[in-house]
K.L.:
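Questions regarding the structure given below will be posed in turn.
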Amino acid sequence: MHAWETATTELAPGVFAYVQATGGFCVANAGVISGGGETTVIDALFTPNMTQALLDETRRVAPSPIKRLLNTHHHVDHTLGNALFPRETEIVAHERAKAEMQRAGLGVLGIIQRMATHFAGQLDDIEERLPDTTFDGAALELEAGGRAIRLLHFGTGHTRGDVLVHLPEERVLFLGDVGFFGVTPMSHEGHVGNWIRICDRIINEVDADVLVAGHGPVGTKEDLARFRAYLQLVHDRSRRAFDSGVSVQEATDSIDLGEYAEWGEPERLSININRCYQEFRGEIEL
Ligand SMILES: [Zn+2]
């Protein structure tokens, strides 16, 4: 996979992907939907600098007020910027994502700054802002300036409260972190077996030509199929290793990732294998 730049790309009239270069740790993507005198933003990003750059781009391509902000899941690299949006912007998420935000709080920021020291000093005096509106079910139909927006929850994949944002007319799908393109996924709070089934549902049931991953460049269902194959490889090899009583470390050392070895953040493999082991032990609540 070639490198990509931070850029705003118009996918359909008034529908934009805001993709950040590298797609690495806490460097996520966002989306902007505008028309009919209002703007909807998908995900708020992480550091104040990242969120400010997204807000500047949003105002450049979509000058109407930001009526709504959608959080695709609770992780701070998608939600920490919530508080920098205008107070009158309505923040919408799945009920389970809001519950995860309330459970996790901002305590994770200290851990992140120790793991990634380049974020130190960029995360001081951060205010937390929770979603204003939630839904608790498989779907929520919204309307934005005459455009249909469907929020879809297919269960626990990357996290318990994942939401996909589907524009059926435009055939565009924002995956949040249900999709990582060209970047190794992180499943420390997910369920890899179920995540594979969710990828299948998206491929078979959701009409979309353009898919925007939570990390990585804009893609298509082909990219999602390749991503699904990574999850399947890790799940299958983990199962074999688990059944033969091999440790997570030994399983990690013995997997040949092939083409996926070129994806960013490859060291996440052991986290993903560990999560598969938890799944096989029946420790993950769906
Ligand atoms: Zn995430």
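The model shown is predicted, which means the values in this text are computed figures rather than measured ones. Quick note: numbers below take in every heavy atom, side chains included, and nothing from hydrogens, waters or symmetry partners. Counting convention: from 1, in listed order, for ligands and their atoms alike. This chain uses plain numbering: 1 for the first residue, then up along the sequence.
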K.L.:
Donor-acceptor pairs are to be reported for all side-chain atoms of residues 17-25 against protein atoms at under 3.5 Å, with residues two or more places apart or in another chain.
P.N.:
unit_1, atom_1, unit_2, atom_2, d
Gln20, NE2, Ala28, O, 2.8
Thr22, OG1, Gly24, N, 3.1

K.L.:
Under 3.5 Å, which donor-acceptor pairs do the side chains of residues 239-246 form with other protein atoms, sequence neighbours left out?
P.N.:
unit_1, atom_1, unit_2, atom_2, d
Arg239, NE, Asp243, OD1, 3.4
Arg239, NE, Asp243, OD2, 3.4
Arg239, NH2, Asp243, OD1, 3.0
Ser244, OG, Arg240, O, 2.9
Ser244, OG, Ala241, O, 3.2

K.L.:
For a distance under 2.8 Å, give residue and atom name for each protein N, O or S atom next to the Zn ion (ligand 1).
P.N.:
His73 NE2, His75 ND1, His158 NE2, Asp177 OD2
K.L.:
Residues in ring pair (Phe, Tyr, Trp, His ring centres under 6.0 Å) with His191, at least two apart?
P.N.:
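Partners of His191 under the ring pair (Phe, Tyr, Trp, His ring centres under 6.0 Å) test: none.
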K.L.:
Any Lys/Arg nitrogen of Glu170 or Arg147 sitting under 4.0 Å from an Asp/Glu carboxylate oxygen of the other?
P.N.:
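Salt bridge flag = yes for Arg147 with Glu170.
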K.L.:
May I ask you to decide if the ring planes of Phe280 and Tyr277 are parallel, tilted or perpendicular, using 30° and 60° as cut-offs?
P.N.:
tilted
K.L.:
Taking Arg68 first and then Glu143, would you say they form a salt bridge - that is, a charged N and a carboxylate O separated by under 4.0 Å?
P.N.:
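No.
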